[in-house]
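What follows is a short report on a single structure.
Because the structure is predicted, anything quoted here is derived from the model rather than measured. Chain letters run A, B, ... following the sequence lines, proteins first, then strands; residues in each count from 1.
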Amino acid sequence: MNPIDRRQFLGAGLALTGAGVGQISTAAAAPTTVGAAAATPARRGAAPALEVPNGAILPLTRQQTASGTVHVGHLVVEEFTHTFAPGLEARCWGYNGRTPGPVLALPEGELVRLYVTNRLPEPTTIHWHGLVVPNGMDGVSGLNQAPIPPGETWTYTFRPRRPGTYMYHSHFDEMTQMALGLVGMLVVLPKGPDPEHVDRDFVLMSHEWKMVAGARRPDPLAMNDFNVLTFNGKSYPATEPLRVRTGERVRIRLGNLGPMDHHSIHLHGPPFEVTGTDGGAIPRSARFPETTVLLAVGATRDIVFTATEPGDWALHCHMTHHAMTQMGHESGNFIGADTRALDEKLGKLAPDAMTMGQTGMAGMAGMALPKNSISMGGGPGPFGRIDMGGMFTVVSVRDGAETDRFTPPAGTQPRRATAEELARDGIVVAK
Amino acid sequence: MAIERLAARARRLVFPVTLAVPVALAGCGLPAPPSFAPASYARRDAGSEVDVWAAISAPSRRTPLAGRPPGNAPVPTPLRAADAVALALCNDRDLRATVLELGVPEGMLRQAELLPNPAVEFDLRRTSDRAQPLQADVRIEYALTRALLTPARGAVAAHDLQAARLDAAASVLEAAFSATVLHARWEAAEERLRLARVSLATFAAARDGADALTQAGNISAIPAAAARASHEEARVVVARRELDALVAREALAARLGIADPARLVAAGPAVEPEAPATTLDEEKVVAGNLRLRATGERLVALAKKTGLLRLEGQTPDVVVDGHGEQDGLFVELGGGARISVPLFDRKQGSIAATEARYDGLAERFQAQARRLRAESRVVAAEVRVTDACARQYPTTILPARRNVLAETILMMNAMHASVFDVLDARRRLAEAESAAVDAIERQKIAHARALLLGNGGDAPLPQAPMSPRTAFEVPGEMTH
Ligand SMILES: [Cu+2]
């Protein structure tokens with residue numbers, strides 16, 4: 001199935017689900033890769049559907065009123081069990097059973113009415129981060145509005161003025177509510193053609209959580225040592241790859257509403273340009289090629305690149321502790337230590353215990369772990385274990401079907417050097 | 001008057017009941033499995049108990065206690081509490097002496113019950129007149145009053161004998177009790193030593209780990225020095241525990257009459273508490289106490305002796321006699337009586353002395369009873385509390401500590417804890433196990449006291465080992 005057909009197929013699915021929705025839907029969200037623009041005929045240069053790996057887009061219904069069309073959506077703010085990756089789940093707060101909440105894909109210039117039902121044990125509000133809305137709709141509790149009490153449903157009405165990538169989040173008890181997951185991405189879809197002419201349009205939101213190994217609720221009091229790092233609420237290996245076809249022009253809309261940390265988001269392979277922020281599009285004259293973008297807390301960055309090279313290209317935060325899951329820092333530095341005397345005694349005192357880290361930390365995978373813990377993360381890859389975790393995913397570029405396995409052509413992988421090669425090139429390896 | 005009431009009470013306490021006390025005498029040739037151990041509260045099956053009364057009753061030379069030379073009984077390995085009791089009863093020379101000395105009141109009773117002998121006087125007389133025949137006089141005298149009072153004297157001696165037997169029975173129980181307590185202390189001391197060595201091993205492992213990290217250049221000097229200090233402190237604790245165990249072992253060996261304490265082998269890890277003991281009935285404790293009953297017997301004996309003295313003092317001493325005289329051709333027969341007139345000596349002094357002894361002993365009886373009541377209440381409380389505490393370890397505390405260790409290992413695997421945290425958790429487990437040993441030791445001793453009291457015994461705890469128990473915890477930081 002070629003990508004265009006696929007988008008058409010999925011778009012038809014949305015049309016079906018949206019057809020009979022006359023009232024506010026409390027359904028969690030629509031399927032992953034559909035968007036408001038999906039129903040429009042797909043052609044090169046037209047805005048492609050938003051794709052939200054591991055995520056969803058909020059379904060909107062259209063209400064015709066005397067003053068025009070109103071796009072209506074419903075966000076339910078609630079607590080639920082969220083799975084970061086198999087084996088690691090937590091009671092989180094989010095929207096419509098998700099964290100981040102479903103992507104709000106709002107049409108530029110049209111009236112939007114969003115219902116917000118608060119099922120939290122405390123009040124909440126929603127702030128439309130980066131949008132210029134009437135001041136009373138800006139969502140800062142106490143400054144722009146009274147908070148929404150538990151059990152009540154309030155409405156926000158505004159007209160998004162400028163296409164681009166934005167976010168939404170709670171603006172009441174921010175430390176707690178954002179740390180527990182009350183964040184989401186918001187995309188204003190352009191009325192006309194997308195000036196970036198992308199073929200694929202992904203949305204990825206970073207977040208960070210503090211989860212003591214074995215705990216079942218993120219710690220909102222944490223100020224550092226966040227140890228669960230996510231793209232769209234998932235830690236690798238649970239992150240869905242971004243599957244594209246060779247030659248496609250790809251946009252990834254990045255956003256960060258994590259509590260404390262900025263992220264150096266690094267894409268392996270083709271360079272990209274940052275084409276826009278939540279402040280607006282960046283003039284072409286001001287763009288420059290990059291392989292890493294600093295995604296600050298409270299900022300969005302649109303990056304655009306052409307997937308010129310087939311293969312599996314890592315996309316991850318380059319801060320090493322952000323590309324592992326539930327990394328603990330209490331094991332002590334045993335690299336280079338001769339622990340034979342210790343191990344002999346330990347074996348008698350606690351036969352289940354084993355010292356580690358004398359040769360590095362890679363051997364720690366596969367150890368028995370506390371319940372609800374996936375310390376250090378990682379998972380199987382085509383060439384052995386991928387020991388990355390956390391904020392790590394893959395841009396999977398294929399010539400053929402997007403789900404094909406990539407096999408490096410002969411001669412394009414490292415291998416063990418032969419004696420002849422060493423001799424030929426005059427390499428002497430000291431014994 | 002109090003004295004009469006006491007006397008009445010003492011009479012009620014006279015020893016007719018079977019005193020079935022679970023005293024183990026297996027090592028002395030009886031088929032009884034050892035059963036002084038408190039567990040035998042619930043299993044008084046026939047054959048597993050020995051009647052203390054039978055063990056000490058006359059003729060004392062044929063009692064099991066006296067029947068076998070001490071020191072020859074084999075020492076079972078491992079030595080359990082009941083074995084210790086059996087050995088103590090076989091080998092306790094004081095106890096054997098007590099039993100042998102029962103022969104004294106037994107002999108006194110026999111003596112008291114003997115009738116006075118008749119006196120025969122025989123005279124031959126000749127006058128200077130040789131023609132006169134030889135004159136012969138025969139006179140038989142019998143102390144009638146004394147003979148009539150013989151049963152009363154026997155009754156006094158019988159009560160004295162009964163008192164001695166009750167005291168001897170109490171001694172048997174007390175010997176068993178003290179062996180039980182010393183055994184519990186010894187076992188606990190050995191366990192505490194073993195666990196102190198486990199604790200020491202955790203410190204040694206931490207020291208090795210810190211040394212390894214120092215040699216690899218990964219840590220500052222402080223944690224290594226701290227680990228070394230903690231390890232040395234733990235060695236001091238082990239040394240103290242070794243002394244405690246040695247003292248406890250010697251105390252037990254002495255009690256059991258074993259010359260070579262090295263023959264004592266403890267049963268090993270014993271962190272299981274005993275089944276909760278049944279409650280102690282204060283009234284039964286007081287009514288059944290052997291020492292108190294012995295005092296009661298002595299009071300009865302004194303009361304009877306007072307009555308006897310009063311009778312002796314007021315009754316004329318009647319000596320009857322019959323005599324025959326051959327005077328030449330005539331034989332004269334006659335009879336007579338000699339009667340002392342209790343005019344001055346009516347044994348007033350002896351009566352007063354006996355009454356004073358009675359009064360004094362009656363006071364002691366009261367004090368003894370009052371103390372017993374207090375003690376039975378205290379021991380009942382001890383049993384309740386130590387039962388609860390001892391149960392708390394295997395049911396709650398130790399599983400929780402084991403869980404801490406298991407979870408710490410998992411956290412180490414997750415790099416959220418270090419091997420030093422694991423060692424720390426292991427040491428905390430050893431400390432909890434040591435505290436469990438303390439709790440179970442206290443429970444066993446409380447059970448032994450309850451059993452002693454419940455069966456009529458009453459004794460203070462044997463003297464504690466001279467080395468005071470030290471705090472188990474060693475201050476010192478774990479290395480990180
Ligand atoms: Cu990062």
Side-chain angles (χ1 to χ4, degrees), chain A residues 87-88 210-215 219 225 227-228 321 324-378 387 389, chain B residues 194-220 222-224 227-228 231 234 401-431 433 477-480:
Chain A
L88 179 61
K210 172 79 172 254
M211 286 276 293
V212 178
D219 178 7
D225 260 355
N227 60 358
V228 175
H321 285 237
M324 29 179 47
T325 299
Q326 288 196 302
M327 173 64 194
H329 309 117
E330 292 83 24
S331 61
N333 175 11
F334 274 81
I335 290 180
D338 176 359
T339 56
R340 280 173 297 182
L342 163 62
D343 290 338
E344 193 199 328
K345 293 183 178 73
L346 185 65
K348 286 176 194 151
L349 289 164
D352 295 339
M354 201 177 104
T355 60
M356 286 174 300
Q358 294 89 331
T359 60
M361 314 289 170
M364 306 212 176
M367 303 291 296
L369 294 173
K371 277 181 193 159
N372 198 42
S373 161
I374 55 166
S375 182
M376 302 191 65
D387 64 5
Chain B
R194 184 181 71 76
L195 291 164
R197 286 182 174 138
V198 172
S199 181
L200 175 65
T202 67
F203 283 113
R207 177 208 55 193
D208 291 347
D211 284 351
L213 292 180
T214 304
Q215 277 158 24
N218 298 6
I219 55 171
S220 75
I222 297 171
R228 188 159 294 279
H231 175 247
R401 283 279 163 220
R402 287 189 197 104
N403 198 31
V404 168
L405 174 61
E407 289 292 331
T408 307
I409 291 172
L410 295 179
M411 286 299 251
M412 176 174 79
N413 294 346
M415 300 179 73
H416 286 251
S418 73
V419 67
F420 302 107
D421 296 320
V422 170
L423 291 169
D424 200 39
R426 181 66 186 85
R427 183 171 58 81
R428 297 292 294 273
L429 172 60
E431 284 170 8
E433 285 170 336
E477 289 173 27
M478 298 299 290
T479 313
H480 278 278

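The contact between B:I409 and chain A is made entirely by side chain atoms (from C-beta outward), counting heavy-atom distances below 4.5 Å. The part of B:V422 that comes within reach of chain A is its side chain, from C-beta onward, which places non-hydrogen atoms under 4.5 angstrom from that chain. Of the atoms belonging to B:A417, it is backbone heavy atoms, and not side-chain ones, that fall under 4.5 Å from chain A.
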List the steps, then state whether side-chain contact (heavy atoms from CB on, under 4.5 Å) holds for A:L349 with B:V198.
CA-CA 8 Å; A:L349 289 164; B:V198 172; 3.8 Å; yes
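Using a 4.5 Å heavy-atom cutoff, the side chains of B:H416 and A:N227 are in contact. Side-chain atoms of A:K345 and B:R207, non-hydrogen and from C-beta on, do get closer than 4.5 Å to each other. Side-chain contact between A:D338 and B:Q215 is absent, with no heavy atoms from C-beta onward closer than 4.5 Å. Side-chain contact between A:M354 and B:N413 is absent, with no heavy-atom pair separated by less than 4.5 Å. Contact check for A:L346 versus B:L423: side-chain heavy atoms found under the 4.5 Å cut-off.
When each of A:V212, A:I374, A:L342, A:D343 is scored by its heavy-atom pairs under 4.5 Å with chain B, the top score falls to A:L342. The choice from B:A414, B:A204, B:A212 that makes the most heavy-atom pairs within less than 4.5 Å of chain A is B:A414. Between chain A and the residues B:A425, B:A406, B:A216, the most heavy-atom pairs under 4.5 angstrom are made by B:A216. Note on A:A337, A:P370, A:A353: by heavy-atom pairs under 4.5 Å with chain B, the leading option is A:P370.
Across every non-hydrogen atom of A:M356 and B:M412, the tightest pair is CE-O, 4.0 Å.
Looking at B:N218, its side chain does come within 3.5 Å of a backbone N or O of A:I335 through a donor-acceptor pair.
Once rounded to the nearest 0.5 Å, the distance linking OG1 of B:T202 with NZ of A:K348 reads 14.0 Å.
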